[in-house]
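Note sheet for the following structure.
Order of the sequence lines fixes the chain letters, A, B, ..., with proteins taken first and strands second; residue numbering starts at 1 for each chain.
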2 protein chains.
Amino acid sequence: MSEHSHGDANLTRNQALVLETLSAADGSLSAYTILDHLRDKGFRAPLQVYRALDRLVELGLVHRLETLNAFVVCRRSDCEGHGTVAFTICKKCDNVAELTGEEIAGTLNSVAVDVGFALEKSTVELRGICGACRAG
Amino acid sequence: MSEHSHGDANLTRNQALVLETLSAADGSLSAYTILDHLRDKGFRAPLQVYRALDRLVELGLVHRLETLNAFVVCRRSDCEGHGTVAFTICKKCDNVAELTGEEIAGTLNSVAVDVGFALEKSTVELRGICGACRAG
DNA sequence: GTGGCATATGTTATATTATTACACAAACCA
DNA sequence: TGGTTTGTGTAATAATATAACATATGCCAC
C-alpha cells in the first residue's frame with residue numbers, strides 16, 4: 001500500500017524519488033534542482049529527472065509551470081484526472097497555489113467555442129502577491 | 001512618420017528589424033530563429049535579439065508565448081497598453097491568435113480576488129486546433 | 001521456461017533558450 | 001564640456017531540454 005494519498009504505488013523508483021523531492025519542497029523546483037537533490041540517490045543525468053517528470057505530469061501528480069520552467073507537486077486530493085488548472089504564483093514568497101474553480105475552465109471553453117477553436121489544453125498562470133504576503 | 005500602424009517611429013534600428021521579422025512571419029518565432037533571419041543585417045549575438053524583444057514586449061508590440069518559448073507580433077490595433085491577453089495556439093498549423101474579450105480577464109480577476117491574490121500579470125495560452133484546420 | 005515485446009534505465013553528447021560581464025558609442029541635457 | 005542614460009557589440013557562460021544508443025527488467029504468449 002501507498003503511504004501517500006496520491007496512489008504512487010505504481011511508480012518506479014525514479015518516479016517516486018522525484019515525486020518525494022517535489023512533495024518535500026516549498027514551492028516549485030526546476031528539473032536541475034531536483035537532479036541536485038537526488039545525486040546522492042544515484043541520479044547522474046538530467047534525463048533521469050525529465051523522464052520521471054514526464055510520467056508524473058502525465059499522471060497528473062505533478063504540474064509544469066511554463067512561466068518558471070519549473071515543476072510543482074499537485075496538492076489536490078483528486079489530482080488524477082482533473083483537467084484545466086490555473087495557478088497563482090507569488091512574486092514574493094514563490095508560493096504556488098492551484099485554483100480549482102470551474103469558472104476559469106468554463107470561461108476558457110466558452111471563449112474557445114466562440115472562435116471555433118478546439119481546446120485541448122489550457123495553461124493559466126497568474127503572477128502577483130499572495131494573500132499571506134499582502135497581509136504580512 | 002511611421003509606415004506601420006504600430007507607431008514604431010521611436011524604435012531603434014535593432015528593435016525595428018526584430019519587429020519587422022516577427023511581422024513578416026507566419027506564426028511565432030524563437031529568439032534564435034530571429035537571429036538567423038537577421039544575420040545578414042549584421043546581427044551576431046543572441047543578446048541583440050533579446051534586448052530588442054525585451055523592449056518590444058514592454059511596449060506591448062510583441063508578446064512572449066511561454067509554452068513555446070517564442071514570440072509573436074501583436075496583431076491588435078490598440079496593442080499598446082492592453083492588459084490581459086490570451087492566446088490560442090494551433091497544434092497543426094502553428095497559427096497564434098489573440099483572444100481579446102473581457103470575459104477571460106474578468107473571470108481571472110474575480111477568481112484572484114476570491115482567494116486574496118493581488119493579480120499583476122496573467123499568462124493564458126490555449127493549445128488545440130484552430131477553426132481553419134478543423135474545417136480543412 | 002524461452003523468446004519476444006514493452007517499458008524503464010544509464011550514460012554521453014548535444015541542442016535550445018537565456019543571461020552575465022565588460023567595453024564602447026551615441027543621444028541628451030545640465 | 002562633462003556627465004548621464006540608453007543603446008550596441010562581443011565573448012563567455014548559464015540554464016533548460018532532448019537525441020541517440022546501449023543495457024536491463026518485467027511481462028506475457030507460446
Given atom NZ of B/Lys41 and atom C1' of D/dG9, what is their separation to the nearest angstrom? 19 Å

Does A/Thr12 put a side-chain nitrogen or oxygen below 4.0 Å from OP1 or OP2 of C/dT9? yes

Looking at the side chain of A/Ala45, which of C/dT12, D/dT10, C/dA18 is the nearest nucleotide? C/dT12

Take the protein atom OH of A/Tyr32 and the nucleotide atom C1' of D/dT13, then report the distance between them rounded to whole Å. 14 Å

Taking B/Arg134 for its side chain and A/Gly116 for its backbone only, find out whether a donor-acceptor pair lies under 3.5 Å. yes

Whole angstroms only, please: what is the CG-P distance between A/Asp54 and D/dA17? 10 Å

Select base, sugar-phosphate, or nothing to describe what A/Arg44 touches, counting heavy atoms under 4.0 Å on all strands. sugar-phosphate

So does B/Leu29 get a backbone contact from the side chain of B/Thr33, meaning a donor-acceptor N/O pair under 3.5 Å? no

Counting the atoms with a prime plus P, OP1 and OP2 as sugar-phosphate, which does A/Ala31 contact under 4.0 Å by heavy atoms, base, sugar-phosphate, or nothing? nothing

d(CD, A/Gln15; P, C/dA8) in whole Å: 6 Å

d(CG, A/Leu29; P, D/dA17) in whole Å: 13 Å

Evaluate side chain to side chain donor-acceptor pair (under 3.5 Å) for B/Arg64 paired with B/Asn69, printing each intermediate quantity in order. CA-CA 7 Å; B/Arg64 180 191 166 89; B/Asn69 292 325; 3.1 Å; yes

Which residue lies more 5' along DNA chain C, comparing A/Gly42 with B/Leu68 via nearest heavy atoms: A/Gly42

Could you tell me how far apart B/Asn69 (CG) and D/dA17 (C1') are, to the nearest whole angstrom? 10 Å

Take the protein atom CG of A/Asn14 and the nucleotide atom C1' of C/dT11, then report the distance between them rounded to whole Å. 13 Å

If I take atom CZ in residue B/Arg51 and atom P in nucleotide D/dA11, what distance separates them, rounded to the nearest angstrom? 13 Å

Starting the side chain at C-beta, find the nucleotide from C/dA18, D/dT16, D/dA19 nearest to B/Phe71. C/dA18

Contact nearer the 5' end of DNA chain D, comparing A/Arg64 with B/Pro46: B/Pro46

OP1 or OP2 of D/dG9 less than 4.0 angstrom from a side-chain nitrogen or oxygen of B/Arg13, does that happen here? no

Just by modelled atom types, is the B/Thr123 backbone N or O under 3.5 Å from a matching donor or acceptor in the A/Glu125 side chain? no

Would you say a side-chain N or O of B/Gln48 is under 4.0 Å from OP1 or OP2 of D/dG9? yes

Salt bridge (Lys or Arg N to Asp or Glu O under 4.0 Å) between B/Glu120 and A/Lys91, worked out: CA-CA 10 Å; B/Glu120 293 183 8; A/Lys91 286 168 60 175; 2.6 Å; yes

